[in-house]
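Remarks on the structure that follows.
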Amino acid sequence: MSKLLLKGGRVVDPAQGIDQTADLMIDDGLISGIGSDLDANGADVLDVSGCVVAPGFIDMHVHLREPGQEHKETIKTGTAAAAAGGFTGVACMPNTSPVNDHRAVTELIIERADEAGTVPVYPIGCVSVGQQGEALAEIGELVDGGCVAVSDDGYPVATAELMRRALEYTRMFDIPVIEHCEDLSLTGTAPMNEGRVSTALGFKGHPAAAEDIIVARDLVLAELTGGSLHCAHISSAGALRMIRDAKARGINVTCEVTPHHFVLTDEEVRSFDTNTKTNPPLRSQAHVDALIEALADGTVDAIVTDHAPHHADEKALEFDLAPFGIVGLETAVPLACDRLLHRGHVTLQRLVELLSVNPARILRLDAGDLSEGAVGNVTVLDLERTATVDAAAFASKSRNTPFDGWELKGWPVFTIVAGEVVWKAPG
Amino acid sequence: MPKTKEAEAGPAAPGDAGDLILPVDQQAASLKSKDLLGIEYLDADEIQLILDTAHHFKEISQRPIKKVPTLRGKSVINLFFEPSTRTRTSFEIAAKRLSADTQTISASTSSMVKGETLIDTARNIEAMYPDLLIIRHAFPGAAHMLARTCSAAVINAGDGAHEHPTQALLDALTIRDHKGSIEGLRVVICGDIAHSRVARSNIHCLRKLGATVVVAAPPTLMPCDVEALGVEAFDRLEPALEGADVVMTLRIQLERGGKLSFPSTREYFNLFGLSRDKLALAKDDVIVMHPGPMNRGVEIASDVADGPASVILEQVSNGLAVRMAVLYLLAGVGAAKKNVETAA
């Protein structure tokens, strides 16, 4: 029976309405109590005074690349990166090779994650067979194998008919359909946002309208079916307006945003740095402002990384030819602390909802709270710690970040999974 | 021409200045960057320096023996990853008239067809110690990538729809020849603005030199937020042409997509083709320009292209002088920079 006592931290647990200096005890992997001056009683003691003790953070949108693209990332390196970023769990997208449209792939992912033994991995299955947008994948089998949601991420669910059936069918299993909102006929080969920067640089532009159109379609279908819709990596002010309105009308919709979309604008692309190439693309300041407003007012449910590792060789190409994607697991929490919390856009309680409570709720996980008997997953933050992003030191196999060298304030210091410290900050 | 003392002493004059006849101030002046990647990155003084230098180079091409030893011993490599006749030939001739050694590599004969990346191609060429690299590429930023990888001076000869700086410089030289100065002129650029690197470089160049720039295109061929480039935008040609000193028409780039941009070339010509009737709306002394290649009867009527207002072939001649000037100015800067790096 291992016991761990976190001593003297600021315990923030929105689920129980707790925000107070207290000790937290984890006994045999489960939370056994919160209180002042708890007796160690043989437990290992971690002094976390001056730090925040929060329910473990969950990144509900990552690409672990295994099986099939292990030169970019593996489940082992990806989960190590998650732990190093303060995440106690990740949900991985199905666009691997082969794609996760079959129970065997789901089970392989879970098995490899168990072998790595760092943080739990929650697989997301495909909506359609082969992500081809034609026939529904065996969603019942996928759920039985351990999938927590379905998505054709990388592409939108191809047709309104398929999306309707997916939203209806998943009601049986009470899982969300996660949508990559992009009207491909409007974006084509566009490598960046459409706006004054694409005009200046001569790139084909990806208009925010491409996102808005699929969000609009899917909100109509969510209302029609009563299915559970989750809109991935929202980047557009228009999409947020529609989602805010839909929530007010009681439609079953949630959404997520990434740090790179609420921190960076398309002005970054002027450097032609392919680490700024992502899909959806970095947008203009007006969209960034709308994202921050929606993060604060509750329209946005979750912060996710869309961790998308790529090998350096793949990114060392002309901007048009380089693949889309940014790694995010090891920068998301400090970016959220520095840019949202310390700048006063969100409260600490709201930040914990965005990174833990809500992802757990959306994926129906037994996580995201510190109540007695809950799994002892905890993220410990030092909000005053200032450090510089060092991509060369990432646990991830890939280094494709536009944030290398950034000095940020507010970092994770301990990542605790089922009462075990799986990562602690160096130094 | 007698060799001048200034020419010998000029630090920016590479190698033997031969019978160059540049004024003293230009011998000493140079461009700030080792590369010419776009007009956006130049200031007005640098643009004027290139134009003044080009003006002096024009005369060489009219001599019976069209060659000076200015860049003797310098090595110029043309990397053309996209089809080009005019620009490639112009750079080759410009380099040869300055006595540089030139080598042209085109996409179909390069290792790119064997799967080599642009960066690896650049590194291999760099290992042969070229002094100047000229690159034409289908994608924006390709020249920047080369410039970051190589210590040789890089000249952007067109990167996708981004920039084509020597085209804008030769256009500015042509306008200056006819109008004396560019300051205060009203210049209309019309046609496929969305896909045009020529438009972008010209907008930067003409605005830096004090012109008012007007763009006219169907909304389907006008890039988003074009006003942010500092231009006035029109979706019909006629009102744009009123009071124009210069009209530049652009080729419709069907190969860059946009099949839905207009229904037919016939309708395009009716709405946006530069005809004599439409040109009459401009000033009496208007000049008509086109960067080529030209589609007669699509963006321009033949009687305008070949008419008295047309300066289209002068643009081509000036292209040679501008490219000689750019090669000359950058060969000097590149050598100086390398020396500094070696010493450091």
Side-chain angles (χ1 to χ4, degrees), chain A residues 183-212 236-238 265-277 281-287 310-324 400 402, chain B residues 37-41 81-82 112 115-123 135 137-149 156 158-164 192-201 203-204 215 217 222-231 233 253 256-260:
Chain A
D183 183 327
L184 299 174
S185 76
L186 280 176
T187 57
T189 58
M192 71 170 295
N193 180 49
E194 179 174 290
R196 62 171 62 192
V197 182
S198 65
T199 289
L201 299 180
F203 282 120
K204 179 173 163 60
H206 168 146
E211 179 170 313
D212 302 350
S236 148
T265 69
D266 56 359
E267 291 290 333
E268 301 293 327
V269 181
R270 289 187 192 271
S271 65
F272 295 106
D273 178 357
T274 55
N275 289 332
T276 65
K277 182 176 174 181
L282 302 176
R283 303 277 187 202
S284 66
Q285 189 62 49
H287 290 290
H310 291 293
H311 194 278
D313 289 346
E314 295 165 322
K315 280 286 194 178
L317 294 176
E318 294 87 327
F319 198 86
D320 275 285
L321 300 179
F324 292 102
N400 49 305
Chain B
L37 302 180
I39 302 290
E40 188 183 356
Y41 318 110
F81 297 111
E82 215 187 30
M112 300 288 277
E116 188 171 62
T117 64
L118 177 60
I119 282 201
D120 278 332
T121 301
R123 285 178 184 145
I135 179 171
H137 200 287
F139 297 128
H144 301 64
M145 204 167 162
L146 203 64
R148 278 196 302 269
T149 311
N156 182 2
D159 60 329
H162 179 219
E163 281 236 34
H164 189 358
D192 187 354
I193 308 290
H195 300 110
S196 177
R197 52 190 168 222
V198 175
R200 284 168 179 79
S201 286
I203 288 168
H204 289 304
V215 293
M222 190 74 92
C224 165
D225 289 341
V226 72
E227 292 87 354
L229 296 176
V231 298
Q253 301 193 42
R256 289 192 198 274
K259 288 188 180 66
L260 293 177

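Computed over heavy atoms, backbone and side chain alike; hydrogens, waters and symmetry mates excluded. Per chain, numbering begins at 1; letters A, B, ... match sequence-line order.
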Determine the option with the most heavy-atom pairs under 4.5 angstrom with chain A, choosing from B:A142, B:C224, B:A228.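 Among the listed options, the one with the most contacts to chain A is B:C224.
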
Contacting region of A:T189 [heavy-atom separation from chain B under 4.5 Å]: neither

Quick check for you: to the nearest 0.5 Å, what is the distance between A:L317 atom CG and B:F139 atom CZ? 10.0 Å

Can you tell me how far CG of B:L118 sits from CG of A:L321, rounded to the nearest 0.5 angstrom? 9.5 Å

Residue B:E227 versus chain A: region with a heavy atom under 4.5 Å: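 Contact with chain A is absent: no heavy atom of B:E227 under 4.5 Å.
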
B:H162: which residues meet the ring pair (Phe, Tyr, Trp, His ring centres under 6.0 Å) condition with it, sequence neighbours left out?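 With sequence neighbours excluded, B:H162 shows a ring pair (Phe, Tyr, Trp, His ring centres under 6.0 Å) to A:F272, B:H144, given in chain and number order.
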
Within the side chain of B:R200, is there an N or O that forms a donor-acceptor pair under 3.5 Å with the backbone of A:T199?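 At least one qualifying donor-acceptor pair exists.
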
What is the minimum heavy-atom distance between A:D320 and B:P140, and which atoms define it? OD2-CD, 3.3 Å

Search all heavy atoms of B:H137 against all heavy atoms of A:E318 and return the closest pair with its distance. NE2-OE2, 2.8 Å

Not counting sequence neighbours, which residues clear side-chain hydrogen bond (donor to acceptor under 3.5 Å, both in side chains) with A:N275? List them please. none

So A:R270 and B:E40, side-chain contact (heavy atoms from CB on, under 4.5 Å) or not? Walk me through it. CA-CA 12 Å; A:R270 289 187 192 271; B:E40 188 183 356; 4.0 Å; yes

